[in-house]
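Here is the naming used below: chain letters follow the sequence lines, and residue numbers restart at 1 for every chain.
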Amino acid sequence: MLQIQLIIEDKERVLRGLKKKRLKDAEKYIQEIIELDQKRKQLITQSNEIKNNINVLSKQIGDLFKSEKKEEAEKLKPTSIELKGREAQIDTELKHIETALHNTLVLLPNLPHSSVPDGACAEENEIVFQYGNIPVLSSDALCHWDLADKYGIINFELGVKLTGAGFPVYRGKGAKLQRALINFFLDEALKNDYIEIEPPVLVNEDSGFGTGQLPDKDGQMYYVEKDQLYLIPTAEVPITNIYRDVILKENELPVKNCGYTLCFRREAGSYGKEVRGLNRLHQFDKVEIVQIVRPEESYEVIEEMREYVASLLKMLELPFRTVKLCGGDMSFASALTYDMEVYSAAQKRWLEVSSVSNFETFQTNRLKCRFKDKNGKTLLTHSLNGSALALPRIVAALLENNQAERGIKIPPVLVPYTGFEWID
RNA sequence: GGAGAGAUGGCAGAGUGGUUGAAUGCGGCGGUCUUGAAAACCGUUGUACCUUAACAGGUACCGGGGGUUCGAAUCCCUCUCUCUCCGCCA
């Protein structure tokens with residue numbers, strides 16, 4: 001959520017940013033917010049004055065009762081009652097204004113960082129880095145869903161039987177590979193000073209709102225109606241919400257957390273080759289990294305996180321590229337996002353395996369995650385997160401890129417975790 | 001799931017209708033003392049919002065929401081959570 005103060009103080013900058021994010025009717029929203037906020041302030045001032053009058057009267061009445069001047073006290077009561085009626089009116093109006101203001105404010109996406117390229121869609125993203133050689137496979141190379149079937153390690157049909165499409169069953173070395181990747185990713189994160197968190201995978205509405213999934217992506221989360229809980233689409237939600245309504249001490253920053261969780265996404269509206277095999281699942285495994293940092297450090301930190309994710313891909317010997325998303329392709333809450341894409345050689349496409357974002361104060365403003373700076377002033381922190389990494393597409397690329405006559409070669413760095421060198 | 005008890009400031013813990021944003025203790029910060037530190041003593045110590053150029057003033061917040069009252073941390077309703085006992089259970 002954007003800060004109202006920024007909208008009022010630097011309307012032009014906000015408008016420029018919203019346009020870069022391709023928000024329609026930005027002027028209309030901004031105008032509305034400014035007007036609503038003015039009205040809001042007026043009403044608060046009026047309400048406060050009346051409340052003050054009531055408080056003064058109440059004290060007088062109390063004093064009169066104490067000094068046994070009951071009749072005089074009784075005479076003051078009607079005034080107070082009348083004031084209260086007026087206050088109630090103003091408060092009702094104020095509530096309406098505040099709801100309207102909030103509802104509009106929540107529609108505004110975060111402003112993109114100045115370095116974000118202008119553009120409307122994925123084609124206009126900027127490739128900032130590419131690593132590794134694109135493997136050239138023989139003509140009979142298989143896509144990962146066929147390899148999964150060939151070696152009996154992932155069963156998509158069985159998932160359909162148990163649950164539905166997008167819920168694969170991993171078996172034997174396939175299951176072990178999952179476990180190996182999770183542990184590898186967590187261990188690497190710990191080496192880089194992240195504190196491991198194992199959070200709940202169901203969260204309440206406040207948490208969904210805190211990280212921006214609600215109300216924006218309501219339809220993308222599984223919802224347990226009976227208990228009013230959401231299945232998390234990413235560990236970002238519970239982990240970042242740890243810091244909801246928290247005022248951190250200066251020396252507690254930066255907060256570096258990582259966590260492995262299952263992630264659940266309804267992916268309503270997806271279809272075709274996009275969802276084939278492991279490309280897009282309803283349930284998948286992911287290790288997430290989250291940082292809460294001082295505002296002035298967040299753009300250094302995002303580079304550090306990007307490098308860290310790149311290092312994982314290098315260790316796994318996967319060719320990848322780093323893409324800086326353009327304004328129109330960025331997520332609602334982000335100010336700067338790098339996508340990391342691995343090349344999946346049989347499908348001959350780049351698969352997004354990580355998204356590293358700086359949210360600046362967009363999340364922390366909702367979360368009320370603040371810190372006291374050296375001067376004792378309370379300021380909003382900046383929040384960042386990134387996948388490090390999401391498993392399915394890594395597995396897809398590993399299977400496809402490493403296929404050989406004998407079987408599928410496990411990258412050396414994973415062998416200590418899998419206990420085997422080949423899937424055959 | 002059933003019965004009972006409870007939820008107060010960073011923590012502990014008073015307060016059951018009238019200057020109570022809230023006693024007291026601990027902790028934190030500043031100071032005196034000290035070569036330095038500790039102890040002791042003195043002072044200070046929440047968040048958000050509104051008005052103001054500023055000084056300053058005002059409002060709200062004692063788990064959340066609603067109500068009674070001129071006035072609520074205090075009374076009533078409701079929800080959530082915690083604890084104890086019973087039941088069930090990995």
Are [X] and [Y] close enough that a side-chain donor and a side-chain acceptor fall under 3.5 Å?
X	Y	value
Q3(A)	T361(A)	yes
N279(A)	Q347(A)	yes
E360(A)	H382(A)	no
S58(A)	N55(A)	no
N204(A)	Q228(A)	no

If I pick the [atom1] atom on [M] and the same atom on [N], what distance separates them, to the nearest angstrom?
N	M	atom1	answer
G13(B)	U84(B)	P	16 Å
U45(B)	G9(B)	C1'	10 Å
G71(B)	C79(B)	C1'	26 Å
G10(B)	U59(B)	C1'	25 Å
U19(B)	C33(B)	C1'	38 Å
C49(B)	G67(B)	C1'	25 Å
C41(B)	G63(B)	C1'	39 Å
U20(B)	A73(B)	C1'	9 Å

Cation-pi, [Y] ring and [X] (6.0 angstrom, 45 degrees):
X	Y	value
K173(A)	F420(A)	yes
R179(A)	Y417(A)	no
K324(A)	Y338(A)	no

Where each residue is assigned the nucleotide of RNA chain B containing its nearest heavy atom, which of V56(A) and D63(A) is assigned the position nearer the 5′ end?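 The residue mapped nearer the 5' terminus is D63(A).
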
Let me spell it out: for each of N53(A) and L76(A), pick the nucleotide of RNA chain B with the closest heavy atom. Which residue's pick is nearer the 5' end?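 Between the two, 5'-proximity favours N53(A).
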
Using a 4.0 Å heavy-atom cut-off, does [X] contact any base of the nucleic acid, only the sugar-phosphate backbone, or nothing at all?
X	result
L57(A)	nothing
K95(A)	sugar-phosphate
K59(A)	nothing
S58(A)	base

Residue among K20(A), K21(A), R16(A), R22(A) satisfying salt bridge (Lys or Arg N to Asp or Glu O under 4.0 Å) with D118(A):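 Testing D118(A) for a salt bridge (Lys or Arg N to Asp or Glu O under 4.0 Å) against K20(A), K21(A), R16(A), R22(A) leaves exactly one candidate, R22(A).
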
Rounded distance (Å) that lies between atom [atom2] of [N] and atom [atom1] of [X]:
X	N	atom1	atom2	value
D91(A)	C61(B)	CG	P	11 Å
L229(A)	U80(B)	CG	P	12 Å
L94(A)	U59(B)	CG	C1'	12 Å
E74(A)	U69(B)	CD	P	13 Å
R370(A)	G10(B)	CZ	P	12 Å
N204(A)	C79(B)	CG	C1'	14 Å
E49(A)	U52(B)	CD	P	11 Å
I61(A)	U19(B)	CD1	P	14 Å

Look at the side chain of [X] and decide which nucleotide, out of [options], has an atom nearest to it.
X	options	result
F65(A)	U59(B), U47(B), G18(B)	G18(B)
I247(A)	U51(B), U47(B), C49(B)	U47(B)
N48(A)	G71(B), U59(B), U51(B)	U59(B)
K51(A)	U59(B), C70(B), A48(B)	U59(B)
N55(A)	G71(B), A60(B), C49(B)	A60(B)

For the pair S344(A) and E400(A), evaluate side-chain hydrogen bond (donor to acceptor under 3.5 Å, both in side chains) and give the outcome as yes or no after the intermediate values. CA-CA 6 Å; S344(A) 203; E400(A) 293 186 12; 2.8 Å; yes

Please tell me if [X] has a side-chain N or O lying less than 4.0 Å from either OP1 or OP2 of [N].
X	N	result
R40(A)	C50(B)	yes
N52(A)	U59(B)	yes
K249(A)	C29(B)	no
K372(A)	U47(B)	yes

Check this for me: does the side-chain of K84(A) come within 3.5 Å of the base of U69(B) through a donor and an acceptor?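 Pair found.
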
Taking both distances under 3.5 Å as the test for a Watson-Crick or G-U pair, what stems of at least three pairs does RNA chain B have?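 If one scans RNA chain B for consecutive Watson-Crick or G-U pairs, the stems found are B:1-7 with B:80-86, B:10-12 with B:24-26, B:27-32 with B:40-45, B:46-51 with B:56-61, B:63-67 with B:75-79.
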
